[in-house]
Protein chains: 2
Amino acid sequence: MAFGTSRFAEQGYHPTSVSEIVTGLGVGKGVFYWYFDSKEQLFLEILRDAQTDLRRRQQQAIAEEDDPIRRIELGLRASLAWAEEHRDHNRLIQFAATEATFVGALRRGQDIAVADVVRHVKEAIAQGRIRDDADPDLLAHAMVGVAGHLTRTFIYERGEAAGGVADSVVAFCLRGILGDP
Amino acid sequence: MAFGTSRFAEQGYHPTSVSEIVTGLGVGKGVFYWYFDSKEQLFLEILRDAQTDLRRRQQQAIAEEDDPIRRIELGLRASLAWAEEHRDHNRLIQFAATEATFVGALRRGQDIAVADVVRHVKEAIAQGRIRDDADPDLLAHAMVGVAGHLTRTFIYERGEAAGGVADSVVAFCLRGILGDP
DNA sequence: GCAGTTCTTGACCGCCCGGTCAAGTGACCG
DNA sequence: CGGTCACTTGACCGGGCGGTCAAGAACTGC
């Protein structure tokens with residue numbers, strides 16, 4: 001699965017053939033179809049694992065924090081750190097969003113993560129720390145957008161460290177959800 | 001080209017065959033290869049046209065405005081409006097970002113648009129309206145991330161109107177670049 | 001050492017892909 | 001009217017695809 005992940009990430013899902021994966025692994029084709037029903041299923045399994053792993057990382061990061069705003073910050077930082085360590089998985093997540101076959105599976109995982117952020121935003125609104133006319137869902141997705149795009153641009157394309165980028169992401173997002181104007 | 005765009009957007013680039021495009025159009029395969037060198041070239045041409053069109057729209061929107069912050073706002077609104085009208089093109093842009101063959105061509109266009117935003121941000125910093133320790137490039141990309149993700153989530157997936165979403169995008173982004181905290 | 005089960009092999013299958021090209025077709029020009 | 005040439009056709013090609021399967025190999029429990 002690790003090898004498949006890297007091939008898919010480097011060349012794309014469709015251009016990567018099952019033959020290529022198995023010969024790269026030095027095994028016969030039968031092995032592949034013994035463990036997976038199809039190429040598609042391999043991809044879905046990789047996707048599910050990636051989402052599970054990211055979520056675990058986020059949960060760990062915020063486990064010991066009660067303040068909702070701090071939880072959002074820690075969640076963002078954890079996501080960027082994970083993304084830095086799992087470029088390949090992240091690319092596949094991005095690809096999955098463009099393919100009708102995979103968007104369903106992708107969104108199921110994505111929704112769970114967003115729901116967490118929404119919860120924190122709502123809590124912060126209840127505490128009067130975010131304007132109460134704000135739409136929690138929208139703010140959550142806006143933050144996801146910032147984190148995703150800055151990860152791709154500054155960490156992947158420009159090779160910057162996740163820590164520094166995370167500082168900027170957090171700063172921008174917190175101004176976005178807390179700011180006055 | 002319009003038909004190709006819609007097939008690519010609906011089914012994906014690889015799953016769409018040249019045969020499918022020409023039979024859908026009711027013409028022979030020779031016609032396709034008379035006007036295009038390859039399937040790849042068709043895609044690149046679509047991509048280039050889309051980027052050109054989006055940029056024209058942005059330029060028109062900000063042409064008569066001098067204030068840099070207002071220009072950013074109008075640029076964001078124009079982008080969302082364009083995205084609402086050109087879902088297919090936007091999907092292909094998103095896909096192009098995931099395919100090594102196309103990222104080069106994509107980035108060339110993307111960089112130009114970002115450079116515009118960067119210019120406005122720098123101007124706003126010079127006017128003392130944005131903190132002068134801010135990184136213009138980062139702020140510009142953050143806004144692109146917000147606009148792109150909210151477009152996909154709220155306009156494409158949930159079918160909301162571009163106008164309303166644009167209000168939220170602008171509000172979030174302006175807090176993000178102007179806000180105090 | 002046998003039987004049964006779990007894994008592994010790679011030749012093979014049918015299919016369809018991107019791309020080619022010989023053979024037109026018909027509008028235009030002298 | 002004949003010749004030219006921009007365009008169109010669709011059968012065809014080589015190749016590679018996802019997926020199958022008969023034939024083992026390797027391990028188990030007995």
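All heavy atoms count here, side chains included; hydrogens, waters and symmetry mates do not. A note on names: the letters A, B, ... follow the listed sequences, proteins ahead of strands, and every chain is numbered from 1.
- The residue B:F36 sits apart from the nucleic acid: no heavy atom pair falls under 4.0 Å.
- Mapping B:K39 and B:G30 onto DNA chain C by nearest heavy atom places B:K39 at the nucleotide closer to the 5' end.
- Whole-Å rounding puts the B:F32 CZ to C:dC21 P distance at 17 Å.
- When the side-chain nitrogen and oxygen atoms of B:K29 are compared with OP1 and OP2 of D:dG10, none of them lie within a distance under 4.0 Å.
- In this structure, OH of B:Y33 is placed 17 Å from P of C:dA22, rounded to the nearest angstrom.
- B:Y13 and B:F102 have perpendicular rings, their planes meeting at more than 60° on a 0 to 90° scale where under 30° would count as parallel.
- Relative to the six-membered ring of A:F32, A:K39 misses at least one condition, a distance below 6.0 Å or an angle of at most 45° to the axis.
- The CZ atom of A:F43 sits 20 Å away from the C1' atom of D:dG19 (whole-angstrom rounding).
- Nucleic acid contact class of B:T16 (heavy atoms, under 4.0 Å, all strands): sugar-phosphate only.
- A:F95 has its ring centre no less than 6.0 Å from the ring centre of A:F8.
- Within the structure, a side-chain polar atom (N or O) of B:S17 is placed less than 4.0 Å from OP1 or OP2 of C:dC17.
- Ring geometry for A:H141 versus B:F154: interplanar angle over 60°, hence perpendicular rather than tilted (30 to 60°).
- Atom pair A:L42:CG and D:dG19:P shows a separation of 11 Å (rounding to whole Å applied).
- Residue A:Y35 places at least one side-chain N or O under 4.0 Å from the OP1 or OP2 atom of C:dT8.
- The nearest whole Å value for the distance from the CG atom in A:L25 to the P atom in C:dG10 is 13 Å.
- Residue A:V31 is in base contact, counting any heavy-atom pair closer than 4.0 Å across all strands shown.
- Proximity of a side-chain donor or acceptor of A:Q51 to a complementary backbone N or O of A:L106 within less than 3.5 Å is detected.
- Contact annotation: B:W34 side-chain N/O to D:dC7 OP1/OP2 distance is under 4.0 Å.
- Rounded to whole Å, atom P of C:dC16 lies 16 Å from atom NE2 of A:H14.
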